[in-house]
Participant: 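Before I ask anything, let me first share the structure, which is written out below as structure tokens.
Position 1 is the first residue of the sequence, and the numbers go up from there.
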Amino acid sequence: VGILGGTFDPPHIGHVVAAAWARDALGLDEVRLMVANDPWQKTQERPVTPAAIRLEMVQRALEGTTGLAASDLEIRRGGVTYMVDTLRAIRRQEPGVELFVVLGADAAAGLATWHRWEELPALATFVVVGRSGVAAPDRALGDAFSFAHVEIPALAVTSTLIRGRVEAGRSIDGLTPAGVSSLVVERGLYRGEVHERPTAL
Ligand code: ATP
Ligand code: MG
């Protein structure tokens, strides 16, 4: 089972392709897009859309896909979100499952800032998705994690780009699945109305 953790504010094609290609390349049964309840590294810096809405957007983003699922595990747990807790919870609930944490090269480079990161290599295989040539995580981290790598077509799409375009009144067509775009419009996201600190469902 693969876990692609994120804020997904909003989810976009980069997330879907990363999850799908990792699942394919590694022969995983499924990849779960794990919606962070309180992504502390981000909530310190900007308002984050309520977790329930981000979960709904991820469900929309995965419509019509195979072997990909939205997970509300971190939202149900509530509180500040740490991957170490999530991995331990899954191993408790589903003994025997082999876990793969899928992450972009940017996230991999920042792994040493994660809560109790030293415990992570024993809990899962860490899989970096990226284009060949994108900087690998630094040597010290590489020794600790023995990363697997999956190449995906480079997609320079980020949630930040999408939020900025919505705020500027520009099109986000094609950057995210249509079901996500329509939810962004319906809920008036990224225009200042819905920003607050995330809470549990
Ligand atoms: P933000 O711009 O708000 O930081 P983001 O697009 O980076 O959003 P996150 O929810 O922060 O999205 O990312 C979740 C995970 O998906 C991270 O591991 C990140 O590296 C990865 N990811 C995000 N965008 C891409 C992409 N275009 N290609 C590959 N991986 C991606
Ligand atoms: Mg990011």
Side-chain angles (χ1 to χ4, degrees), residues 1-36 39 41 54-55 57-75 81-91 93-94 96-114 117 119-138 141-162 174-177 179-180:
V1 168
I3 305 294
L4 172 64
T7 304
F8 305 112
D9 194 12
H12 53 69
I13 54 169
H15 298 129
V16 178
V17 170
W21 286 48
R23 174 176 170 271
D24 239 39
L26 301 169
L28 304 177
D29 292 332
E30 69 173 11
V31 172
R32 299 176 192 166
L33 276 68
M34 184 63 64
V35 180
Q41 298 200 348
R54 290 183 284 110
L55 175 66
M57 288 195 285
V58 171
Q59 289 163 342
R60 293 266 190 112
L62 298 183
E63 277 170 14
T65 65
T66 304
L68 307 181
S71 177
D72 64 355
L73 179 77
E74 293 179 341
I75 300 174
T81 303
Y82 301 121
M83 180 60 78
V84 65
D85 296 333
T86 299
L87 298 179
R88 289 197 188 284
I90 296 172
R91 288 164 65 103
Q93 289 163 19
E94 301 167 69
V97 73
E98 189 180 356
L99 290 176
F100 294 79
V101 173
V102 179
L103 67 187
D106 59 308
L111 264 175
T113 68
W114 292 22
W117 71 268
E119 297 172 36
L120 296 172
L123 299 173
T125 300
F126 279 69
V127 182
V128 180
V129 292
R131 184 167 56 140
S132 58
V134 167
D138 69 45
L141 275 174
D143 287 347
F145 283 88
S146 63
F147 293 102
H149 293 269
V150 171
E151 281 196 27
I152 62 171
L155 295 164
V157 181
T158 64
S159 302
T160 301
L161 172 75
I162 293 175
L175 299 176
T176 189
V180 176

Participant: Where is the tightest heavy-atom contact between Ala70 and Leu62, given as atom of each residue plus distance?
Facilitator: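 Answer, listing the atom of Ala70 first, then Leu62: N-CD1, 3.6 Å.
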
Participant: Once rounded to the nearest 0.5 Å, what's the spacing between atom CZ of Arg88 and atom CG of Leu99?
Facilitator: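 Here the rounded value is 11.5 Å.
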
Participant: Any pair with a residue in residues 17-35 that passes salt bridge (Lys or Arg N to Asp or Glu O under 4.0 Å), sequence neighbours left out, goes on the list, sorted by first then second residue, please.
Facilitator: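 Residue pairs passing salt bridge (Lys or Arg N to Asp or Glu O under 4.0 Å), neighbours aside: Glu30-Arg32, Arg32-Glu94.
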
Participant: Kindly give the heavy-atom pair with the smallest separation between Val31 and Ala19, and that separation in Å.
Facilitator: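 Val31 and Ala19 have their closest heavy atoms at CG2-O, 3.6 Å.
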
Participant: Please, which pairs that meet salt bridge (Lys or Arg N to Asp or Glu O under 4.0 Å) have at least one residue in residues 57-70, sequence neighbours excluded?
Facilitator: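 Every pair satisfying salt bridge (Lys or Arg N to Asp or Glu O under 4.0 Å) with a residue in residues 57-70: Arg60-Glu186.
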
Participant: How many angstroms lie between CG in Asp9 and CE in Met57, if you round to the nearest 0.5 Å?
Facilitator: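 The CG atom of Asp9 sits 5.5 Å away from the CE atom of Met57.
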
Participant: Closest heavy-atom contact between Val128 and Gly104?
Facilitator: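 Looking at all heavy atoms of both residues, the closest pair is CG1-C, 4.3 Å.
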
Participant: Starting from the C-alpha separation in whole Å, work towards a yes-or-no answer on side-chain contact (heavy atoms from CB on, under 4.5 Å) for His12 and Leu155.
Facilitator: CA-CA 10 Å; His12 53 69; Leu155 295 164; over 6 Å; no

Participant: Just verifying a value: how many Å separate Arg91 CZ and Glu98 CD, rounded to the nearest 0.5 Å?
Facilitator: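 CD of Glu98 is found 9.5 Å from CZ of Arg91.
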
Participant: Which heavy-atom pair separates Ala18 from Val129 by the least distance, and what is that distance?
Facilitator: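 Closest approach of Ala18 to Val129: CB-CG2, 3.8 Å.
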
Participant: Any non-hydrogen side-chain atom of Trp114 less than 4.5 Å from a side-chain atom of Leu120?
Facilitator: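 A side-chain contact exists here, since the closest heavy-atom pair is under 4.5 Å.
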
Participant: Nearest 0.5 angstrom please: Leu73 CG to Thr81 OG1, how far?
Facilitator: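 It comes to 9.5 Å.
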
Participant: Distance-only, no hydrogens or angles: does the Ser71 side chain make a donor-acceptor pair with backbone N or O of Leu33 under 3.5 Å?
Facilitator: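 Such a contact is absent between Ser71 side chain and Leu33 backbone.
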
Participant: Tell me the closest heavy-atom pair linking Pro39 and Arg54, and the distance in Å.
Facilitator: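 So the minimum-distance heavy-atom pair works out to CD-NH2, 4.3 Å.
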
Participant: When rounded to the nearest 0.5 angstrom, what distance separates CD1 in Ile3 from CG in Leu103?
Facilitator: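 One finds 12.0 Å between CD1 of Ile3 and CG of Leu103.
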
Participant: Atom CG in Leu111, atom OG1 in Thr113: separation rounded to 0.5 Å?
Facilitator: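 One gets 7.5 Å once the value is rounded to the nearest 0.5 Å.
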
Participant: Is the ring pair Phe145/Trp117 parallel, tilted or perpendicular, if the boundaries are 30 and 60 degrees?
Facilitator: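 Rings of Phe145 and Trp117: parallel, under 30°.
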
Participant: For Leu141 and Ala109, which heavy atoms make the closest approach, and how far apart are they?
Facilitator: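 Residues Leu141 and Ala109, closest heavy atoms: CD1-O, 3.9 Å.
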
Participant: Would you say Leu55 and Ile75 make side-chain contact, with heavy atoms under 4.5 Å?
Facilitator: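 Result yes, sub-4.5 Å side-chain heavy-atom pair found.
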
